[in-house]
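Right, one structure below, let's go through it.
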Amino acid sequence: MMKILFFDTKEYDKKLFNEYNVDYGYEIKYLETKLNAETAPLARGYDAICIFVNDLADKDTLEILKECGVKLIVLRCAGYNNVDIDNLPDGLKVVRVPEYSPYAVAEHAVALLLSIDRKIYKAYQRTKKYNFTLNGLLGFDIHGKTVGVIGTGKIGRAFIQIMKGFGTEILAYDVFENKEAEKELGFRYTTLDELYEKSDIISLHCPLTKENKKMINAESIDKMKDGVVIINTSRGKLIDTKSLIDKLEEDKIGGLGLDVYEDEEEFFLNDMSNSYKRDRGLSLLLSMPNVVITSHQAFFTREALDKIASVSLSNIKEFIETGECKNEVRK
Ligand code: NAI
């Protein structure tokens with residue numbers, strides 16, 4: 001019987017995985033605590049662990065897991081920047097859910113954009129109080145604007161498809177250009193510099209790597225149009241928070257929509273409202289009138305959760321039966 005220890009689990013994870021596990025019958029234990037070098041010893045006696053975006057599998061943690069007898073790390077997400085793949089010990093494998101719903105994330109990016117542009121978050125609070133004035137709610141037409149998309153993988157392409165429907169021109173940047181998609185969806189690949197220079201709206205859809213950490217910083221923001229709207233549903237560490245705050249204060253950035261934050265690990269997905277613990281950068285951003293922040297919820301649709309649970313459990317089955325898995329993350 002496969003024994004699996006889940007880290008950083010919420011009620012919705014338990015409900016869903018229990019439902020899908022009826023077909024597999026794995027022995028599952030759910031922990032609320034996050035994975036790190038301190039909590040890794042809890043995995044002793046388990047064959048596999050299942051982790052999420054803010055669990056940390058760094059070199060030390062991986063070595064402890066291996067020593068505890070864990071053979072498989074099951075990521076119930078697509079991104080794997082939180083696992084130190086280069087230092088993965090032999091005999092320990094990592095699998096992920098490469099695609100669960102690109103639409104969920106792409107649609108959330110659009111929701112952030114519309115909310116910022118048309119000030120839906122302000123209007124909601126006003127009308128609740130029976131205040132029906134329009135002062136301060138002026139937006140802009142998205143139609144006719146230029147949208148810069150960084151990363152044209154599954155989510156980036158789903159985002160492009162939606163934005164084409166708005167009547168926008170799309171400039172894209174990717175380290176691997178997909179010429180077929182470029183032709184089919186009607187966008188144009190360009191350099192990062194041209195994308196920064198010409199885009200009214202910039203949306204990030206690339207993974208976090210060593211090379212692109214803090215790629216959005218004071219220098220790159222200075223290359224952008226005045227009043228640019230930046231949307232990040234990808235990974236928080238792609239953006240340097242201090243530069244973001246400076247450039248919002250200078251009025252260089254016109255609007256900001258974040259579903260991820262540089263130092264989100266301690267805060268996002270948790271109720272911190274009764275705690276005195278605060279992150280200064282996050283607090284400053286939250287206090288700004290043209291910033292909308294959601295708590296890593298872009299993936300959170302019924303369709304995506306179903307796929308996450310079913311693919312995670314079938315990844316384990318494939319691993320048990322063949323010792324391999326098509327969704328393995330390799331060094
Ligand atoms: P994907 O693997 O299909 O596409 C990623 C694309 O980014 C690829 O085309 C790749 O060539 C490109 N890329 C890699 N390095 C790059 C760089 N330095 N600059 C520009 N492009 C680069 O991945 P997918 O499914 O589209 O997901 C993208 C990212 O979205 C994930 O890595 C993850 O960080 C984030 N994500 C966020 C979620 C949320 O709930 N907020 C949920 C799921 C994913």
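Residue numbers count from 1 along this sequence. Note that these values count all heavy atoms, side chains included, but never hydrogens, waters or copies made by symmetry. These numbers come from a predicted model, not from an experiment.
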Checking the side chain of [X] only, and the main-chain atoms of [Y] only, is there a donor and an acceptor separated by less than 3.5 Å?
{"X": "Asn87", "Y": "Lys59", "result": "no"}
{"X": "Thr301", "Y": "Ala304", "result": "yes"}
{"X": "Asn82", "Y": "Asp55", "result": "yes"}
{"X": "Tyr26", "Y": "Lys317", "result": "yes"}
{"X": "Asp8", "Y": "Phe52", "result": "no"}
{"X": "Asn212", "Y": "Thr209", "result": "yes"}

Side chains of residues 137-150: which donor-acceptor pairs under 3.5 Å do they make with residues two or more places apart or in other chains?
from, atom 1, to, atom 2, distance (Å)
His143, ND1, Phe166, O, 3.3
Lys145, NZ, Asp141, O, 3.0

With salt bridge (Lys or Arg N to Asp or Glu O under 4.0 Å) as the rule and sequence neighbours excluded, what pairs involving residues 235-244 come up?
Lys214-Asp240, Lys237-Glu265, Lys242-Asp246
No-hydrogen, no-angle side-chain donor-acceptor test under 3.5 Å, [X] and [Y]:
{"X": "Glu262", "Y": "Thr241", "value": "yes"}
{"X": "Thr133", "Y": "Asn131", "value": "yes"}
{"X": "Ser273", "Y": "Asp271", "value": "yes"}
{"X": "Asn232", "Y": "Tyr261", "value": "no"}
{"X": "Lys10", "Y": "Asn270", "value": "yes"}

Hydrophobic cluster of [X], others only, ordered by chain and residue number, side-chain cut-off 4.5 Å:
{"X": "Tyr80", "result": "Leu5, Phe7, Leu31, Leu35, Leu42, Tyr46, Ile49, Ile51, Leu62, Leu65, Val70, Ile73, Leu75, Val83, Ile85, Leu88, Leu92, Val94, Val329"}
{"X": "Ile155", "result": "Val105"}
{"X": "Leu56", "result": "none"}

Residues [X], [Y]: salt bridge by 4.0 Å N-O rule:
{"X": "Asp86", "Y": "Lys331", "value": "no"}
{"X": "Glu318", "Y": "Lys326", "value": "yes"}
{"X": "Lys119", "Y": "Asp117", "value": "no"}

Between the OH atom in Tyr30 and the CD atom in Glu11, the distance rounded to the nearest 0.5 Å is 10.0 Å
What side-chain donor-acceptor pairs closer than 3.5 Å can you find for residues 181-189, not counting sequence neighbours?
from, atom 1, to, atom 2, distance (Å)
Glu182, OE1, Lys179, NZ, 3.3
Glu182, OE2, Tyr189, N, 2.8
Arg188, NH2, Glu194, OE2, 2.9
Tyr189, OH, Thr152, OG1, 2.7
Tyr189, OH, Asn178, N, 2.8

Taking side chain as C-beta onward, heavy atoms only, is Ser275 less than 4.5 Å from Met272?
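The answer is yes, as the side chains (C-beta and beyond) meet within the 4.5 Å cut-off.
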